[in-house]
Amino acid sequence: MLAGAGVVLGLAAGPAQAAEVSFATRCVPPAGVGLDPVNGTTKVEITAPATAKVGDEIDVVWKFTQAASKNPNIIDLPADSVQPTGTLKASGAQSADLAMTGPRENPAIPKGGDMVLSDMKGTLKLTAAGKVTLTPGAYTVNAMGTNTVCTPTETVPAAGTIDVAAGDGSPTPTPDPTDTPTPTPTPTDTGSPSPTPSATSSDDGQTDFTGKAVSIPYTCQSPLGEKKATSEIQINAKKNGGSYGITVQFKNSPMDSPADIPADSVKPSMEVTLGGADTGSVFVEGPTNSAPIKSGDPIAIPDMTGTYKPGATGESTLSPGVLTIKALGTTTTCKPDKTAVSLTLTTKEQEGGASGGSSSSGGSSSGASTSGGLAATGADDHAALKALGLVAGTAVLLGGAIFTFMPGRRTR
């Protein structure tokens with residue numbers, strides 16, 4: 001997300017030393033985002049002791065004073081969603097690559113806005129007397145689960161020098177470990193889909209029909225790359241006259257949040273696939289998240305609801321279909337690698353419904369909000385997206401999040 005961030009170095013501590021360093025940098029965005037590498041200038045300010053002795057463990061701070069590029073016009077970056085890491089090279093009396101890490105702390109950065117990176121810190125244990133020079137090297141910016149790698153394209157001048165005196169051999173206490181980012185584990189396929197359930201409607205007055213939880217592996221394609229996720233999903237129905245209220249339940253979260261997400265900013269929806277006697281899809285949706293979601297916490301998808309008006313008489317099946325999540329101004333689509341029937345209903349064609357082969361969907365739908373943590377696109381938004389002519393599978397992935405849109409067939 002950061003292309004061409006720059007670096008200036010100033011050294012201070014003990015008898016204060018200060019130096020300013022700038023160097024040409026080439027930043028390579030994540031593969032698949034459609035952005036070209038950017039050549040820019042890095043500027044950093046580094047703080048470290050000017051004098052020390054052998055055996056000391058010194059704290060070093062790398063402060064970004066200027067970023068040469070802006071946030072690309074892809075997504076707004078929420079607060080505390082960007083984390084820098086890098087390498088500071090020690091040379092001279094001793095050689096070492098010092099790992100530098102900054103906290104995931106930043107203000108909200110709009111599309112096209114200036115990048116703001118937190119200060120990086122590291123600890124260096126001095127092992128030899130003499131002059132030790134510090135030189136900044138490559139660094140990586142992690143934003144919403146993606147990495148942009150920035151590498152110097154010229155010889156970088158030393159940022160400062162530490163005069164290291166011979167020590168007395170006394171041990172130096174070990175500092176607290178520097179926090180490092182923990183990658184979000186990639187969900188894996190949990191197995192084959194469960195067998196088709198036998199729940200059916202009849203004339204015995206039954207109104208509630210419970211489907212079976214099925215394991216659905218999803219592939220999400222987006223400009224930020226491909227992501228895999230597997231979720232246990234169950235479809236239930238409640239008969240209301242000749243129609244059915246449909247509820248889609250996710251038994252587990254398909255992903256962890258890549259960043260802090262504000263309340264009322266994430267909305268899920270799905271096209272439930274019809275089969276058997278009926279064809280088409282049923283559009284279901286859920287509510288927006290009522291509370292903020294912290295980075296690293298599971299994104300729990302709430303129950304999504306809609307209405308199924310049968311377009312055929314016979315045994316009609318309902319299976320999880322394309323999942324769409326709109327979040328932070330982006331839309332991402334996840335398409336099932338394979339699906340499985342969760343619920344079978346004995347249906348009777350209703351006036352206004354449509355059977356297979358019709359230009360209309362076999363199932364009509366209307367969304368209804370329920371309690372939960374996420375929400376889906378409204379019916380008007382869904383129709384508008386289809387009117388824009390978006391092709392199936394158009395997607396934007398938000399740092400490993402599953403956000404997408406897949407057109408489906410349906411009637412009002």
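What's counted below: heavy atoms across the whole structure, side chains too, no hydrogens, waters or symmetry copies.
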Specify the closest pair of heavy atoms between [X] and [Y], including all atoms of both residues, with the distance to one decimal.
{"X": "Thr135", "Y": "Val156", "answer": "CG2-O, 3.5 Å"}
{"X": "Pro49", "Y": "Ile162", "answer": "O-CG1, 3.3 Å"}
{"X": "Ala129", "Y": "Ala93", "answer": "O-CB, 3.4 Å"}
{"X": "Asn236", "Y": "Gln249", "answer": "ND2-OE1, 3.5 Å"}
{"X": "Gln94", "Y": "Ala128", "answer": "OE1-N, 3.8 Å"}
{"X": "Ala312", "Y": "Asp278", "answer": "N-OD2, 3.8 Å"}

Quick test of your reading of the model: are [X] and [Y] salt-bridged, counting only N-O distances below 4.0 Å?
{"X": "Asp163", "Y": "Lys131", "result": "yes"}
{"X": "Arg104", "Y": "Asp80", "result": "no"}
{"X": "Asp208", "Y": "Lys239", "result": "no"}

task = Please step through side chain to side chain contact (heavy atoms under 4.5 Å, CB included) for the pair Tyr139 and Thr87, ending with a clear verdict.
result = CA-CA 6 Å; Tyr139 57 94; Thr87 301; over 6 Å; no
Non-hydrogen side-chain atoms of [X] and [Y] separated by less than 4.5 Å:
{"X": "Val54", "Y": "Val164", "value": "yes"}
{"X": "Leu274", "Y": "Leu318", "value": "yes"}
{"X": "Pro336", "Y": "Pro217", "value": "no"}
{"X": "Met115", "Y": "Leu77", "value": "yes"}
{"X": "Thr230", "Y": "Tyr218", "value": "no"}
{"X": "Pro136", "Y": "Phe23", "value": "yes"}
{"X": "Val82", "Y": "Leu117", "value": "yes"}
{"X": "Thr161", "Y": "Val132", "value": "no"}

message = For Met304 and Val272: C-alpha separation, side-chain torsions, deciding distance, then whether side chain to side chain contact (heavy atoms under 4.5 Å, CB included) applies.
response = CA-CA 10 Å; Met304 295 180 287; Val272 176; over 6 Å; no
Exam field: side chain [X] to backbone [Y], donor-acceptor pair closer than 3.5 Å:
{"X": "Thr47", "Y": "Val61", "result": "no"}
{"X": "Ser243", "Y": "Asn240", "result": "no"}
{"X": "Gln83", "Y": "Glu105", "result": "no"}
{"X": "Asn106", "Y": "Ala79", "result": "no"}
{"X": "Ser316", "Y": "Thr347", "result": "no"}
{"X": "Ser118", "Y": "Pro103", "result": "yes"}

Strictly by modelled atom types, are [X] and [Y] linked by a side-chain donor-acceptor pair under 3.5 Å?
{"X": "Thr133", "Y": "Ser91", "result": "yes"}
{"X": "Asp337", "Y": "Thr219", "result": "yes"}
{"X": "Ser319", "Y": "Thr339", "result": "no"}
{"X": "Ser281", "Y": "Glu271", "result": "yes"}

task = List the steps and the verdict of side chain to side chain contact (heavy atoms under 4.5 Å, CB included) for Asp114 and Ile109.
result = CA-CA 7 Å; Asp114 292 335; Ile109 305 173; over 6 Å; no
Spacing of [X] atom [atom1] and [Y] atom [atom2] [to the nearest 0.5 Å]:
{"X": "Asn289", "Y": "Ile301", "atom1": "CG", "atom2": "CD1", "result": "11.5 Å"}
{"X": "Asp59", "Y": "Thr123", "atom1": "CG", "atom2": "OG1", "result": "4.5 Å"}
{"X": "Leu98", "Y": "Leu134", "atom1": "CG", "atom2": "CG", "result": "8.0 Å"}
{"X": "Ser231", "Y": "Lys251", "atom1": "OG", "atom2": "NZ", "result": "12.5 Å"}
{"X": "Phe250", "Y": "Ile233", "atom1": "CZ", "atom2": "CD1", "result": "3.5 Å"}
{"X": "Arg26", "Y": "Cys150", "atom1": "CZ", "atom2": "SG", "result": "11.0 Å"}

task = Start with the C-alpha distance between Ile74 and Leu35, add both sets of side-chain angles, then the distance that settles side chain to side chain contact (heavy atoms under 4.5 Å, CB included), and finish with yes or no.
result = CA-CA 10 Å; Ile74 298 178; Leu35 295 175; 3.7 Å; yes
